[in-house]
Amino acid sequence: MEMVPSEENQLVLKEVENAAEEPRVLCIVQDTTNAKTVNERLTLNLPASTTLSKLFEDVAHKAGYVNGTFDLAWRKTGDMGPLDPSSEMSLTESGFEPGKRNFLQLTDKDGEQPQIASDESGTAGSSGLDDRQERFIGPLPRDCTVGCSSDYSSPSYSYSSILNKSDTGYVGLVNQAMTCYLNSLLQTLFMTPEFRNALYNWEFEESEEDPVTSIPYQLQRLFLLLQTSKKRAIETTDVTRSFGWDSSEAWQQHDVQELCRVMFDALEQKWKQTEQADLINQLYQGKLKDYVRCLECGYESWRIDTYLDIPLVIRPFGASQAYGSVEEALQAFVQPETLDGANQYFCERCKKKCDARKGLRFLHFPYLLTLQLKRFDFDYTTMHRIKLNDRMSFPEELDMGPFMDVEDEKSPQTESCTDSGAENEGSCHSDQMSNDFSADDGVDEGICLDSASSTERVLKPKSSLTFELFSVMVHSGSAAGGHYYACIKSFSDGQWYSFNDQHVSKITQEDIRKTYGGSSGSRGYYSSAFASSTNAYMLIYRLKDPSRNAKYLDCDDFPEHIKHLVQREKESEEQEKRQREIERNTCKIKLFCMHPVKMMAMMENKLEVHKDKTLREATEMAYKLMELDGVVPLDCCRLVKYDEFHEYLERSYEGEDDTPMGLLLGGVKSSYMFDLLLETRRPEQVFQPYKPGEVMVKVHVVDLKTDTVAPPVSIRAYLNQSITEFKQLIAQATELSAETMRVVLERCYNDLRLLYVPNKTLKAEGFFRSNKVFVESSESPDHQVTFTDSLLWKLLDRHGNTIRLFVSLPVQSPGTNRTICQKVGGDPEECSEGSKGNRNSVETILEESTEKLKNLSLQQQQGSCTSDSQKSSDTSDFEHIESPSPSQELDSSVSAVVAVDNRELENRIRAAGGGTYSDPETQFPGEERSDSEVNNDRSTSSVDSDILSSSHSSDTLCNADSGPIQLANGLDSHSITSSRRSKANEGKKETWDTAEEDSGTDSEYDENGKSKAESYYLYFRAEPYAQEDGSGEGGQKCVLVHVDKRITLSAFKQNLEPFVGVTSTQFKVFRVYANNQEFESVRLNETLSSFSDDNKITIRLGRALKKGEYRVKVYQLLVNDAEPCKFLVDTVFAKGMTVKQSKEELMPQLKDQCKLDLNIDKFRLRKKTWKNPGTVFLDYHVYEEDINISSNWEVFLEVLDGPEKMKSMSQLAVLTRRWNPAQMKLEPFQEVVLESSSVEELKEKLSEISGVPLENLEFAKGRGTFPCDISVLEIHQDLDWNPKVSTLNVWPLYICDDGAVVFYRDSTEEPMEQSEDERNELMKRESSRLLKTGHRVSYSPRKEKALKIYLDGGPVKDPGQD
């Protein structure tokens, strides 16, 4: 049977007679060998009788791999081993399921990546290359798809993709981040035989220099790895470290020509006094003559300059067309210019200024000729750097004979003399060149590569100056950034290759021609804007001379020191491979442990264990990792499968101590869907087995008598158990009666469900992996009440809605001590006397109660292996503050204290009649509380079930038998933002984002903010506390408040009255956010549901807002100041007040606080939107009728020069500013009041105030926020001048409100002519001005980090960079 592609691109069998009858097997294969293919799927639809060996062949053909170089394995977690590629078993016999999707993974074989299948039908270099051959010279995908060299897009690199060598035989270089420019140059130098061989001949003396900082040594190592490594790509970090670069340099892109010069300079410094001291000059240095010749007498003044590269202009300055070829640009390079007119030359022989000719002549060409195509330029019109993408062709062979100054060489001294008498080393000096390098006057070292005299060199035939191209460094992108890669011809086989970071591929001459740049159209001035951004930037040619052209050194011809270095690198690479193999077989999984000593906190670490290690060995490793040695015996620990998210113990591994971890964990994976938990027990305990399929339930015992909720007891159940069986299970664990037991499931934070159907299963009730239930078992009549009316529901409901708040009181607040006295002693006089005589009585009670609670808590912890939450210690003191009398002896049983406290309060509630708290000293009018709510005010501890269920419970993690502990409820440590469903909620009014609510008041409240309707959920308890950071010292008082978050802000303030010492209308509540910013809470009808646990609140004295009042911030608008927005005062506006009345109230404040004595007719108020001035408010406008107002409102106050011009809402006030191009200046703002939105009226008004003729007047709308600042260098071109509209309220203006900024100018006025210095000075001033105002300076050039190579190791900040 033969495999053919189907329409769906799947491999299927050719149709046979019985093909329709045979079942099919759908195989989905994930290729995990490479980051680029890991998200791809290979789909094969095969007959069930297909053998495994045939499956491997089909997968190899589909994936493009050589069969036998990869493995196939199941993606199931339970099966470890790969499939047998030689098996003749059918797919069904091997476990494949027909009619279903069978998932497989294609993995590396023996740690090596699969070999890519090659097409033997073609030959290298032929035009008929197969599509799979790597011809693309741009960024290459893994499968080497043919494509054109378009703009660069960064490939995704992975470690696995750099393991195997490219089929080209060449090794790539890993891009550290933005080091493509470095990789291109290094590959070019490596592929230069003369440079590579000379580098190999240099021997490193370790006694003289640190190898880490030796640039030649690190280059030597890199070149050896490029020649001998089996990897696909190698790192360059050792080389950059020798440059003295830190990790930040990897994110700096530089110019490859600049790097070449800097690196050559560094090598010359390192090679001083060695055989390679003159290597750079011998290979790359040429000479040229810079001359000036008098056209009258023929006298010539000249000097000799050296160069390492020749910069060629792409497009001459001011020209509309670019040069078409390198030859054309070279001809322009040596073309002399005439100095005449004002630029005449002073001739030494004529003793006067004469017309002269100035130019450059090449004297010697280097062996390796480097041409830089100057594609980066500066556009003085836009003041931006630009890249010239114009087409410039270059030949494969370049004849430099026509550019040699042969005539001058034959008679160099006939009619010339030198100006300087010295030869300067450096770049070419020419008017056409912008890159000037430092000149070092000294002896001409020359570039002669043979022993012949200069005369003999000149007489050589013309062919001796023929150079062949072997490297093209390509830039793809713009002047702001891009990507470099190199196209290099190998001198071994003449084949061109693309070295694109880690990708190396074969390319053709056609691909080289694509790097010429440009487009198919004409070479107009703007042609480069539409051309391809991928084009050649540097060209390197080698002189064609068989007697000098070297070949690459083979490994057998290496010097001895290089052979030793090769051996060391091979050993290092083998060691790295072994380590990588270990890594590939190491399971890395999260490990948790509830440490018995360290605060009973859940500790987290990462367990790294080889897949062949047994469970017993892994447990020992985890034991040491969690530092349990000496704390718990090793035989009291075990590893169990754990789900951290659900806090679920999935299973234990009984009897599998000798099972390999790879088998237990389902193989080596990058991540696991589960974790491991190192579980501990006491020596007398026995580990409980956890079976797969069980669910974990945290059971909280509720005691209605003491009004407490105990910490959880963990039990395990099955989803198919009935509620009756589940109750029996709970009864065994808690010793409660199953007959009277009520079980409540909390499926989510706002869903309490009573489980009352005996035969219903747990699965049907909504149980999942990890569950939380509350159980109560007593003879209480509460059983007979509907669940939502019961005390149990109310207790649990409030338990999930109580939050803890830290409230800072005003410094002078007298309420805290008074409240403590009221609650500690029943008689205020007695309390007062006690406080005068001996204030230690309260402190003594606090200390005793704290100590007893600590002892009790410690006993409970030891008995249940459970730790209390932080709130336990926070609130234990307060429980005894609330005791009925300070003289009452504290009982060792906490429940006794609660019972006494409850009886006293129950009597007080009954006396009050109806459950209203009516303490005469602490009145909370309008607040109704149920018995259970009052009982909950007294509690003995504060461990909350929510925090125990959402964090790691010790009961969950320890197999300890723990009884119920009487703990407090209502101290939830979670922020529960959604209210629970309850019938009580039906009577509660909650409004959201209504207009009245935005105003900060609501019709439910009277003038004092008191609630008119009934209120629910007013659980409130406060206790003093000391801030840990000491910020509460110096008179600052703080209280810790536990409150039902469904309480309204109004009721919350009323509850705080005794602590603040004033009524709720005389203080303000500010919410403190994480960055210590404070915002006032003013919506009295809103609940505290937006608050969460441990939020901070600051109370400040001051009159709170009444109904219909709004707090307003007033800012002064100064349109012509550098800071146009200046804060003045905070004030209060009221609904129904006119603007004039608010101005009258403002005037005394402004005079007292701001020293502004204003006339009511000489200032206005106007809308403030961020920094923008808006609608002008007229005196007769009424707040909330004509002007919408909101809480924390902001307005502008603007002082007027004269009487108010705005009289009607139909008028439009526009801020105008004149631009004077002739003076390069913006005049101050002037306000123009328009009667309509007519453009014609605006122009008339502008013409009237400026004197500019109407026909010459142009205007434009300002951009951005007020004052719409813009650089005077940009305003003339950047704004949309004179839009073709007749009204202002249409596109593109959209001027519909007061305060819009309009610039205008005289169209006949030309911009001022400026010299370069004047323009630069203006640019600096504008940059400084706009930066001060916070506006963007769009013409500011991009600041780049200078490229430096540090010869002494440099300021390496990250010596350990990878």
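Values in this document were obtained by computation on a predicted structure and should not be read as measured data. What's counted below: heavy atoms across the whole structure, side chains too, no hydrogens, waters or symmetry copies.
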(message) Is there a side-chain contact between L259 and H254 in this structure, where contact means two heavy atoms from C-beta onward sitting under 4.5 Å apart?
(response) no
(request) Starting at CG of N1289, measure out to OG of S1237 and round the result to the nearest 0.5 Å. (result) 4.5 Å
(message) With heavy-atom distances below 4.5 Å as the criterion, would you say the side chains of M1147 and F1163 are in contact?
(response) yes
(request) For E1309 and A1222, indicate whether the former's side chain and the latter's backbone hold a donor-acceptor pair under 3.5 Å. (result) yes
(request) Provide the closest heavy-atom pair for Q1230 versus Y1304 in the form atom of the first, atom of the second, distance. (result) OE1-OH, 4.0 Å
(message) Donor-acceptor check, side chain of S1327 to backbone of M1323, threshold 3.5 angstrom: yes or no?
(response) no
(request) Indicate whether the side chain of K387 and that of H475 have a donor and an acceptor atom separated by less than 3.5 Å. (result) yes
(request) Please list all pairs passing the ring-ring contact (aromatic ring centres under 6.0 Å, His included) test where one or both residues lie in residues 1222-1257, with sequence neighbours left out. (result) F1229-F1266
(message) Any carboxylate oxygen within less than 4.0 angstrom of a Lys/Arg side-chain nitrogen, looking at D390 and R315?
(response) yes
(message) Counting neighbours of CG on N1188 that are heavy atoms of other residues, nucleotides or ligands and sit closer than 6.0 Å, is the number greater than 12?
(response) no
(message) Determine whether a donor-acceptor pair (N or O, by modelled atom type, separation under 3.5 Å) exists between the side chain of E328 and the backbone of G324.
(response) yes
(request) Without swapping roles, check the side chain of Q372 against the backbone of L312 for a donor-acceptor pair under 3.5 Å. (result) no
(message) Please tell me whether D1317 and S1315 have a donor and an acceptor in their side chains that are separated by less than 3.5 angstrom.
(response) no
(request) Before accepting this row, confirm whether a basic side-chain N of the pair R357/E337 lies closer than 4.0 Å to the acidic partner's carboxylate O. (result) no
(request) Indicate yes or no for a side-chain donor-acceptor contact from K1167 to the backbone of P1173 under 3.5 Å, with no hydrogens or angles considered. (result) no
(request) Go through Q1149 and T1131 one step at a time and tell me if the side-chain hydrogen bond (donor to acceptor under 3.5 Å, both in side chains) criterion holds. (result) CA-CA 8 Å; Q1149 280 184 267; T1131 189; 2.9 Å; yes
(message) Between E1231 and T1216, is there a side-chain donor-acceptor contact under 3.5 Å, judged purely by atom types and distance?
(response) no
(message) Please determine whether a side-chain nitrogen of the Lys or Arg among R1329 and E1326 lies less than 4.0 Å from a carboxylate oxygen of the Asp or Glu.
(response) yes
(request) Say whether T338 and D340, considering side chains only, have a donor N or O and an acceptor N or O under 3.5 Å apart. (result) no
(request) With rounding to the nearest 0.5 Å, note down the distance linking SG in C294 to CG in D355. (result) 8.5 Å
(message) Given 3.5 Å as the limit, does a donor-acceptor pair link the side chain of Q1223 with the main chain of N1220, or not?
(response) no
(request) Drop me the distance from I314's CD1 to R375's CZ, to the nearest 0.5 angstrom. (result) 4.0 Å
(request) Please answer whether the main-chain N or O of N1172 pairs with a side-chain N or O of T1169 as donor and acceptor at a distance below 3.5 Å. (result) no
(message) When you measure from the centre of the six-membered ring of Y1115, is the NZ or CZ of K1168 closer than 6.0 Å and no more than 45° off the axis?
(response) yes
(message) Treating E249 as the side-chain partner and K1348 as the backbone partner, does any N or O pair qualify as donor plus acceptor under 3.5 Å?
(response) no
(message) Do S1208 and S1210 pair up side chain to side chain, a donor and an acceptor below 3.5 Å, judged on atom types alone?
(response) yes
(message) Applying the side chain to side chain contact (heavy atoms under 4.5 Å, CB included) criterion to V1302, which one of V1232, L1215, I1295 satisfies it?
(response) I1295
(message) Taking the side chain as everything from C-beta on, heavy atoms only, tell me whether D309 gets closer than 4.5 Å to Q257.
(response) yes
(request) Would you name the heavy atoms of H1276 and W1219 that are closest together and state the gap between them? (result) ND1-NE1, 3.0 Å
(request) Ignoring hydrogens and angles, tell me if any N or O in the side chain of N343 forms a donor-acceptor pair with the backbone of L339 under 3.5 Å. (result) no
(request) Give the minimum heavy-atom separation between L1165 and S1142, together with the two atoms involved. (result) CD1-OG, 3.7 Å
(message) As an exercise, state the distance from OH of Y181 to NE2 of H483, rounded to the nearest 0.5 Å.
(response) 13.5 Å
(request) Please answer whether the main-chain N or O of M1206 pairs with a side-chain N or O of E1204 as donor and acceptor at a distance below 3.5 Å. (result) yes
(message) Contact between L1293 and P1283 at the side-chain level, heavy atoms closer than 4.5 Å - yes or no?
(response) yes
(request) Report yes if the side chains of C1125 and F1196 come closer than 4.5 Å at any heavy-atom pair, otherwise no. (result) yes
(request) Report yes or no: is the cationic atom of K1261 (NZ for Lys, CZ for Arg) closer than 6.0 Å to the six-membered ring centre of F1303, at no more than 45° off its axis? (result) no
(request) Taking atom CD of E1255 as the centre, report whether more than 12 heavy atoms of other residues, nucleotides or ligands fall under 6.0 Å from it. (result) yes
(request) Classify the side-chain pair D255/Y537 by whether it contains a donor and acceptor separated by less than 3.5 Å. (result) yes
(message) Within this structure, what is the OG-CD distance for the pair S1286 and E1240, rounded to the nearest 0.5 Å?
(response) 10.0 Å
(request) Write out all pairs satisfying side chain to side chain donor-acceptor pair (under 3.5 Å) with one or both partners inside residues 1290-1299, taking only residues at least two apart or from two chains. (result) T1175-D1297
(message) Just so I know, are the side chains of L371 and M538 near enough to count as touching, which here means a heavy-atom distance under 4.5 Å?
(response) no
(request) Using a cut-off of 6.0 Å, state whether more than 12 heavy atoms not belonging to K1140 lie near its atom NZ. (result) no
(request) Before accepting this row, confirm whether a basic side-chain N of the pair E1198/R1166 lies closer than 4.0 Å to the acidic partner's carboxylate O. (result) yes
(message) Any heavy-atom pair between the side chains of K1113 and V1195 that's under 4.5 Å?
(response) no
(request) Would you mind checking if R303 and D305 are paired as a salt bridge, meaning a charged N to carboxylate O distance below 4.0 Å? (result) yes
(message) Is there a side-chain contact between W1281 and I1275 in this structure, where contact means two heavy atoms from C-beta onward sitting under 4.5 Å apart?
(response) yes
